[in-house]
Amino acid sequence: MSISQAAALGIAIVALLSTVAIFALAWRREKGSATVGTLDKVARTARVRRPAFVSSATADEEQVVDEAGVAEEPPGPPPAPKVIELTEAEFGETRRQFLNRATGVSFGAFLAFFGITSLAFLWPRLSGGFGGKIDAGTVSDIKDAIFQPDGSIEPFYVAEAKTYVVPFDESLIGETDFDGLDVVVEGLTGLWQKCVHLGCRVPWCSSSQGFECPCHGSKYNAAGEYDSGPAPRNLDRFALEVVDGRLIINTGSVRDTPRATVKTVPYPQGVNCL
Ligand code: FES
C-alpha cells in the first residue's frame with residue numbers, strides 16, 4: 001500500500017471512529033441527563049389551553065328538575081389546565097440542548113459519510129485494480145510477446161497496470177540505481193506509462209526503440225532510463241514478483257530513481273518519432 005493510500009485509509013478510519021465516539025457521547029449524555037426530558041415535558045405542559053366553549057347560560061336557565069320536583073345542580077365548567085411557570089433560563093437551556101444535539105448529529109453524519117465514501121474509494125485498490133497487485137500473465141508468454149524475430153523489442157503493455165513490461169539486462173544492474181530495488185525479476189522490469197515530467201502518457205517509438213513523450217519531448221531508452229528533455233529522472237517503475245511463473249505487478253509500490261548515468265540499453269537505435 002502506498003503512502004497516499006495509507007494516509008487516506010487512516011483518515012477514513014479516524015472519521016469513522018470519531019463518528020462512533022460522537023454518537024456514544026451523545027447517547028451517554030442523553031441517558032445521564034434527566035433534566036432534558038423533564039424540561040421538554042414541562043415546556044409542553046406550559047402551553048395554556050383555553051376551554052373550547054364557555055357557556056353563557058346562567059345557572060337558573062340550565063336548572064334541571066327531577067321526577068320528585070327537586071332541582072338538580074347543573075354541571076360546572078371543566079377544570080382549567082394546570083399552568084406551570086418556566087423561567088427564561090429554563091427555556092434558554094432547552095433551546096441550547098436542542099441546538100447542541102442538532103450540531104452533533106449533523107457533524108457525526110458528515111464524518112460518517114466522509115468515512116464511508118473514503119472506504120468505498122479505497123476498496124477496489126485494496127482488493128485489486130490499479131493501486132494493487134495485478135497479474136500480468138506468465139513470464140514465458142510475456143517474453144514471447146516482447147522479443148521480435150528481427151532482434152528488436154515491443155513492450156508488453158498491461159493496460160490495467162498502466163505499465164510497459166520491458167527487458168532489463170540483469171548483468172548490468174550493479175552499475176545502476178536499480179541495484180537493491182525490487183523492480184527487476186527474470187530479466188523484466190515494469191515501467192509506469194506516466195511521464196515523470198508532467199504526467200503525460202509516454203508512447204513507445206518502435207523505430208528508435210525508446211519512449212518519447214509528445215508533450216515536452218522527454219526521451220527514455222527501452223529500459224526507461226532518462227536520455228534527454230525536461231524529465232527530472234528515469235521513468236518510474238513498479239515492484240515486481242513472480243508467483244507460480246506469473247509476473248505480478250504491484251502498482252501500489254512505485255520506485256523512482258534519478259537520471260541514469262549508466263545506460264543499460266543504447267538509444268536511439270533508429271529514427272526518432274519526435
Ligand atoms: S510531460 Fe513528458 S516531457 Fe513533459
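Atom set for the values below is all heavy atoms of this structure, side chains included, hydrogens, waters and symmetry mates excluded. Start at 1 and go down the list; that is how both ligands and their atoms are numbered. For the single chain, residues carry numbers from 1 onward in sequence order.
In this structure, the ring of Phe168 has its center less than 6.0 angstrom from the ring center of Phe178.
Among Asn221, Asp227, Asn272, the one residue that satisfies the side chain to side chain donor-acceptor pair (under 3.5 Å) test with Tyr267 is Asn272.
In the hydrophobic clustering of this structure, Tyr157 groups with Ile249; members are Ile, Leu, Val, Met, Phe, Trp, Tyr whose side-chain heavy atoms approach within less than 4.5 Å, directly or through other members.
Through chains of ILVMFWY side-chain contacts below 4.5 Å, Ile248 is grouped with Val243.
The ring pair (Phe, Tyr, Trp, His ring centres under 6.0 Å) check on Phe110 picks up nothing, with sequence neighbours excluded. Partners of Trp204 by ring pair (Phe, Tyr, Trp, His ring centres under 6.0 Å), not counting sequence neighbours, listed by chain and number: Phe211.
For atom 4 (Fe) of ligand 1, protein N, O or S atoms closer than 2.8 Å were enumerated as His197 ND1, His216 ND1, with waters left out.
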